[in-house]
**Student:** 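After the structure tokens below, expect a handful of questions from me.
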Amino acid sequence: MTTPLAAKIAREYGTPCAVIDMDRVERNIARIQKACDEAGVANRPHIKTHKNPMLAQLQIKAGARGITCQKLGEAEIMADSGIDDILISYNLLGDEKMARLGALQGKANVTVAADNSVVVGDLPKAAAASGRPLCVVVECDTGRKRAGVETPAEAIALAREIAASKGLSFAGFMLYPTEAGWADAQKFYDEALAGVRAHGLDATIVSTGGTPNLVNLGRLKGCTEHRFGTYIYNDRMQVAAGVATWDDCALHIYSTVVSRAGPDRGILDAGSKTLTSDTGGLEGHGLILEHPEAKIARFAEEHGFLDLSRSNTRPSVGDVVRIVPNHVCVVVNMMDEVVMVRGDEIIGALPVTARGKLR
């Protein structure tokens with residue numbers, strides 16, 4: 001069954017189409033800002049989820065302290081919109097990026113992360129190009145085994161290296177603890193902090209991260225800010241993690257059923273180029289709100305294969321359904337625009353301005 005709004009979306013924009021409910025977006029922004037305020041921790045939202053300056057400005061207007069970007073290209077887009085306080089939470093390397101970082105530092109207050117000496121060795125070029133000091137935080141691995149120094153001793157040594165580098169200023173530490181690893185993160189941080197203080201340094205920024213870590217917000221003693229990203233839209237992963245409900249999911253993919261070649265199967269017009277192959281560790285590739293027992297079992301590029309064997313209700317060819325993605329961040333990066341709605345009214349389209357900014 002196709003809702004009146006879904007029919008209107010399909011008629012005016014076609015499917016597959018990413019649609020955001022602005023009432024839910026604003027409610028999500030307010031909810032997380034309130035949680036940060038109550039915990040006494042600054043909110044530094046990660047724009048990797050929405051990739052749009054207007055939404056970033058809404059977050060700042062609600063009380064956020066600047067933003068987080070994962071890539072330099074995202075930060076350039078945000079700075080061009082007037083956002084002045086940006087953390088780039090990623091190692092930046094090479095002359096091309098140093099020239100761009102220097103130019104960015106000329107128009108915004110930028111802090112960058114580093115976890116090794118090669119990155120630190122490049123950063124003075126950007127500081128020299130901008131003509132002012134560049135703040136650097138040491139990224140620490142506290143259990144995810146992604147990026148970050150692995151021991152407090154390494155964090156202390158890198159902090160000293162940053163402080164001794166011309167044009168660089170050691171600003172603190174960036175952590176992304178696992179949901180169950182905050183005691184270990186505290187131990188790591190306490191040892192690293194004591195070590196840098198023994199050398200006359202201090203950490204003015206202590207940044208933790210992750211929407212799934214909402215339950216741990218403020219748990220790290222000494223934390224100054226938290227990097228939430230997915231919360232603005234939420235997704236099936238956040239519902240599974242217990243930090244959001246289906247009513248908090250503000251982005252839906254509207255998709256048309258284009259084939260029902262068998263009683264237990266069907267095809268959506270949203271395949272891997274829309275919903276992506278990132279399952280987030282969940283079964284299937286999204287929740288169909290109209291048919292929650294149905295399973296988006298697998299993909300071709302433009303085909304979503306429906307397994308309807310467990311579904312009590314089954315869509316017909318031509319039905320437009322709404323899908324909550326497993327991992328909304330990667331889905332948004334596939335979109336040129338999202339359609340904004342309030343209630344049953346279409347407001348207009350919003351460009352995903354920083355999509356594809358992979359460098």
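Everything numeric here is computed off the predicted structure, so don't read it as measured data.
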**Student:** My understanding is that only residues two or more places apart in sequence, or in another chain, count here; which of them pass ring-ring contact (aromatic ring centres under 6.0 Å, His included) with Tyr176?
**Tutor:**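 Residues passing ring-ring contact (aromatic ring centres under 6.0 Å, His included) with Tyr176: none at all.
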**Student:** Applying a strict under-4.5 Å side-chain criterion to I, L, V, M, F, W and Y, I'd like to know whether Leu158 and Met174 cluster together.
**Tutor:**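 Different hydrophobic clusters.
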**Student:** If the condition is side chain to side chain contact (heavy atoms under 4.5 Å, CB included), which residues does Ala297 pass it with, not counting sequence neighbours?
**Tutor:**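 Listed in chain order: Lys295, Asp307.
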**Student:** Excluding sequence neighbours, so at least two apart, what forms ring-ring contact (aromatic ring centres under 6.0 Å, His included) with Phe188?
**Tutor:** none
**Student:** Apart from Trp246 itself, what residues make up its hydrophobic cluster when side-chain heavy atoms of I, L, V, M, F, W and Y under 4.5 Å apart count as a link, directly or indirectly?
**Tutor:** Val239, Leu287, Leu289, Val324
**Student:** Hey, can you pull the donor-acceptor pairs under 3.5 Å for the side chains in residues 30-41, sequence neighbours left out?
**Tutor:**
{"unit_1": "Arg31", "atom_1": "NH2", "unit_2": "Val243", "atom_2": "O", "d": "3.3"}
{"unit_1": "Gln33", "atom_1": "OE1", "unit_2": "Asn43", "atom_2": "ND2", "d": "3.1"}
{"unit_1": "Gln33", "atom_1": "OE1", "unit_2": "Ala64", "atom_2": "N", "d": "3.2"}
{"unit_1": "Gln33", "atom_1": "NE2", "unit_2": "Asp37", "atom_2": "OD1", "d": "3.0"}
{"unit_1": "Gln33", "atom_1": "NE2", "unit_2": "Gly63", "atom_2": "O", "d": "3.4"}
{"unit_1": "Lys34", "atom_1": "NZ", "unit_2": "Glu38", "atom_2": "OE2", "d": "2.6"}

**Student:** Taking distance alone, no hydrogens or angles, what donor-acceptor pairs closer than 3.5 Å link side-chain atoms of residues 68-75 to residues at least two apart or in another chain?
**Tutor:**
{"unit_1": "Thr68", "atom_1": "OG1", "unit_2": "Arg44", "atom_2": "O", "d": "3.1"}
{"unit_1": "Gln70", "atom_1": "OE1", "unit_2": "His46", "atom_2": "NE2", "d": "3.1"}
{"unit_1": "Gln70", "atom_1": "OE1", "unit_2": "Ser89", "atom_2": "OG", "d": "2.6"}
{"unit_1": "Lys71", "atom_1": "NZ", "unit_2": "Leu358", "atom_2": "O", "d": "2.6"}
{"unit_1": "Glu74", "atom_1": "OE1", "unit_2": "Gln70", "atom_2": "N", "d": "2.8"}
{"unit_1": "Glu74", "atom_1": "OE1", "unit_2": "Lys71", "atom_2": "N", "d": "3.2"}
{"unit_1": "Glu74", "atom_1": "OE2", "unit_2": "Lys51", "atom_2": "NZ", "d": "2.7"}

**Student:** What is the distance from atom OG1 of Thr2 to atom CG of Asp319, rounded to the nearest 0.5 Å?
**Tutor:**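 Rounded to the nearest 0.5 Å, the OG1-CG separation comes to 4.5 Å.
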**Student:** Any pair with a residue in residues 203-228 that passes ring pair (Phe, Tyr, Trp, His ring centres under 6.0 Å), sequence neighbours left out, goes on the list, sorted by first then second residue, please.
**Tutor:** His226-Phe228, Phe228-Tyr231
**Student:** Less than 3.5 Å apart, which donor and acceptor atoms pair up between the side chains of residues 133-143 and the rest of the protein, not counting sequence neighbours?
**Tutor:**
{"unit_1": "Asp141", "atom_1": "OD1", "unit_2": "Gly143", "atom_2": "N", "d": "3.0"}
{"unit_1": "Asp141", "atom_1": "OD1", "unit_2": "Arg144", "atom_2": "N", "d": "3.2"}
{"unit_1": "Asp141", "atom_1": "OD1", "unit_2": "Lys145", "atom_2": "N", "d": "3.0"}

**Student:** Taking only residues two or more places apart in sequence or in another chain, which ones pass salt bridge (Lys or Arg N to Asp or Glu O under 4.0 Å) with Glu76?
**Tutor:** Arg100
**Student:** Side-chain donor-acceptor pairs under 3.5 Å in residues 3-21, sequence neighbours left out?
**Tutor:**
{"unit_1": "Thr3", "atom_1": "OG1", "unit_2": "Ala6", "atom_2": "N", "d": "3.0"}
{"unit_1": "Thr15", "atom_1": "OG1", "unit_2": "Thr256", "atom_2": "OG1", "d": "2.6"}
{"unit_1": "Thr15", "atom_1": "OG1", "unit_2": "Asp269", "atom_2": "OD2", "d": "2.5"}
{"unit_1": "Asp21", "atom_1": "OD1", "unit_2": "Asp23", "atom_2": "N", "d": "3.0"}
{"unit_1": "Asp21", "atom_1": "OD1", "unit_2": "Arg24", "atom_2": "N", "d": "3.2"}

**Student:** What residues join Met237 in its hydrophobic cluster, counting side-chain heavy atom gaps under 4.5 Å, either direct or through other members?
**Tutor:** Leu282
**Student:** Identify, with sequence neighbours excluded, every residue that meets side chain to side chain donor-acceptor pair (under 3.5 Å) alongside Thr151.
**Tutor:** Glu154
